[in-house]
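Remarks on the structure that follows.
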Amino acid sequence: MKLKIAIQKSGRLYDDSVKLLKECGIEFNNGVNRLRSEAINFPLEVLFLRDDDIPQYVADGVADLGIVGANVLGEKRKAVTAVEQLGFARCRLSIAVPAKDNYSGTGWLQGKRIATTYPVLLKTFLSEQGICADIHEISGSVEIAPGIGLADAICDLVSSGSTLFLNGLQEAEVVMRSEAILIARPDLPDLQQQLLNQLLFRIRAVKRSRKHKYILMNVPDEKIAQVTQLLPGIKSPTIMSLVKKGWSSLHTVVQEDDFWDIIENLKEQGAEGILVIPIEKMIV
Ligand code: PRT
Ligand code: ZN
């Protein structure tokens, strides 16, 4: 009895999908041109597929699980369960119009030709907005469509925005926000469900650890109360006396985002020798 998980064969999801499984302690070979690989130390088989095919394979039960962008899942509309957001491959599906045009709101799109590889998501968005437009489905290089006179606007994925900029386009509307998600077939048998639970436990420990850092600092004894107050959400840090009299070492776990906000205040309160250390797994 094992779980089969489909991940992208190559592309933007590949590296982070492999990294996540490996950080979950799962060892497998992922050499080029492999179609499948058996994990050595977990009952898991990894199938390498095109991302567009993953929802169908999971819906058909050929794979039990899959990792895809929420955008692909939204477009394909297959009968699968979204299990967990994975926090990588973040992007948005956006409508973009020529930068020189004076975009004035969704009314601008009325009657326009919009090129996209996401006709289903675009159609839903436009009808929610009460806009009637002409959707041109194309299979790639969407960003050049307005420049060659194929369309007035496009609907495509954006992350940094530089592709739009280089093609003289401006982002006009966000149709959906996306990130990689773990999907499962809906009728997962009990034993596979148990394996999925084990895998999820590990995935959540990895996700949590990515957001947190272990920090250590030396603090004058009389400042321990003030410094502790600055550390958000921490009730009881570990405090150990240093050999140097009147000083202690304070250890705690903080969310990295919070940490950067308070570092100056910590230093003002006399904290010294601040070390920030990555956490490999975090189990609560
Ligand atoms: O071969 P296969 O079909 O498996 O791969 P693919 O070519 O269809 O997909 P791939 O590898 O390009 O993307 C896989 C997934 O990564 C997408 O479905 C999204 O969920 C996610 N993702 C995240 C992105 C981007 N960011 C992204 N920026 N996918 C594509 N892009 C493209 C976008 O289409 C545009 O051409 O990058 C360009 C814009 O990027 P910026 O940074 O210039 O804005
Ligand atoms: Zn694809």
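Numbers here are sequence positions counted from 1. Note that ligands are numbered from 1 as they come in the structure, with each ligand's atoms numbered from 1 the same way. All of these numbers come straight from a predicted model, not from anything done at the bench.
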Protein heavy-atom contact under 4.0 Å for atom 7 (O) of ligand 1?
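Flag for atom 7 (O) of ligand 1 set to false, no protein heavy atom closer than 4.0 Å.
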Between Lys4 and Asp64, does at least one N-O distance fall below 4.0 Å, as a salt bridge requires?
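No, Lys4 and Asp64 are not salt-bridged.
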Tell me, yes or no, whether the heavy-atom count around Glu38 atom CD, taken from other residues, nucleotides or ligands under 6.0 Å, exceeds 12.
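Atom CD in Glu38 is crowded, with more than 12 foreign heavy atoms closer than 6.0 Å.
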Count the heavy atoms of every other residue, nucleotide or ligand shown that sit under 6.0 Å from NZ of Lys22, and state whether that count exceeds 12.
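For Lys22, atom NZ is crowded (more than 12 foreign heavy atoms under 6.0 Å).
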Atoms in ligand 1 flagged as close to [X], the criterion being non-hydrogen separation under 4.0 Å:
X	result
Gly11	11 (O)
Gly69	20 (O)
Gly161	41 (P), 42 (O), 44 (O)
Asp52	3 (O), 8 (O)
Asp156	34 (O), 35 (C), 36 (O)
Ser160	41 (P), 42 (O), 43 (O), 44 (O)
Cys91	19 (C), 22 (N), 23 (C), 26 (N)

Polar atom proximity, Thr163 to ligand 1 (N or O, under 3.5 Å):
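In this structure, Thr163 places an N or O atom under 3.5 Å from an N or O of ligand 1.
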Among all protein heavy atoms in this structure, tell me which lies nearest to [atom], with the distance rounded to 0.1 Å.
atom	answer
atom 30 (C) of ligand 1	Arg12 NE, 3.3 Å
atom 28 (N) of ligand 1	Ser159 OG, 2.9 Å
atom 5 (O) of ligand 1	Gln8 NE2, 2.9 Å
atom 15 (C) of ligand 1	Leu13 CG, 3.8 Å
atom 14 (C) of ligand 1	Asp51 OD2, 3.5 Å
atom 33 (C) of ligand 1	Leu157 O, 3.3 Å

Give me the one residue out of Leu20, Val18, Val68, Leu13 that meets side-chain contact (heavy atoms from CB on, under 4.5 Å) with Ile7.
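In the set Leu20, Val18, Val68, Leu13, the residue that makes a side-chain contact (heavy atoms from CB on, under 4.5 Å) with Ile7 is Val18.
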Treat each ILVMFWY residue as a node, draw an edge where side-chain heavy atoms are under 4.5 Å apart, and state whether Ile26 and Tyr14 are in one component.
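Hydrophobic grouping puts Ile26 with Tyr14.
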Under 4.5 Å between side-chain heavy atoms, counting indirect links through other Ile/Leu/Val/Met/Phe/Trp/Tyr residues: same cluster for Val46 and Val62 or not?
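Val46 does not cluster with Val62.
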Where is the tightest heavy-atom contact between [X] and [Y], given as atom of each residue plus distance?
X	Y	answer
Val206	Ser209	O-OG, 2.7 Å
Val72	Pro55	CG1-CG, 3.9 Å
Val120	Gly74	CG1-O, 4.4 Å
Leu86	Ile181	CD1-C, 3.8 Å

Is ligand 1 under 4.0 Å from a heavy atom in the side chain of [X], in the backbone, in both, or in neither?
X	value
Val158	both
Ser162	both
Val72	side chain
Arg50	both

Hey, which of Asp53, Asp60, Asp52 is the one that makes side chain to side chain donor-acceptor pair (under 3.5 Å) with Gln56?
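Going through Asp53, Asp60, Asp52 one by one, the side chain to side chain donor-acceptor pair (under 3.5 Å) with Gln56 is satisfied by Asp60 alone.
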Nearest candidate to atom 21 (C) of ligand 1, where distance is taken over non-hydrogen atoms, out of Ala70, Ser10, Ala89
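Heavy atom nearest to atom 21 (C) of ligand 1 belongs to Ala89.
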Shortest heavy-atom approach to atom 17 (C) of ligand 1 - which of Val68, Asn71, Asp53, Leu49:
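Minimum heavy-atom distance to atom 17 (C) of ligand 1 goes to Asn71.
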From CA spacing to verdict: side chain to side chain contact (heavy atoms under 4.5 Å, CB included), Ile95, Leu122:
CA-CA 9 Å; Ile95 296 173; Leu122 176 58; 3.8 Å; yes
Which atom, among the N/O/S set of Asp52, is closest to the Zn ion (ligand 2)?
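Going through the N, O and S atoms of Asp52 one by one, OD1 ends up nearest to the Zn ion (ligand 2).
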Asp51: which N/O/S atom is nearest the Zn ion (ligand 2)?
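Considering only N, O and S atoms, Asp51 comes nearest to the Zn ion (ligand 2) through OD1.
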To the nearest 0.5 Å, tell me how far Met176 CE sits from Leu73 CG.
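Here the rounded value is 7.5 Å.
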Parallel, tilted or perpendicular, judged at 30° and 60°: which one describes the rings of Tyr214 and His251?
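Rings of Tyr214 and His251: perpendicular, as their planes differ by over 60°.
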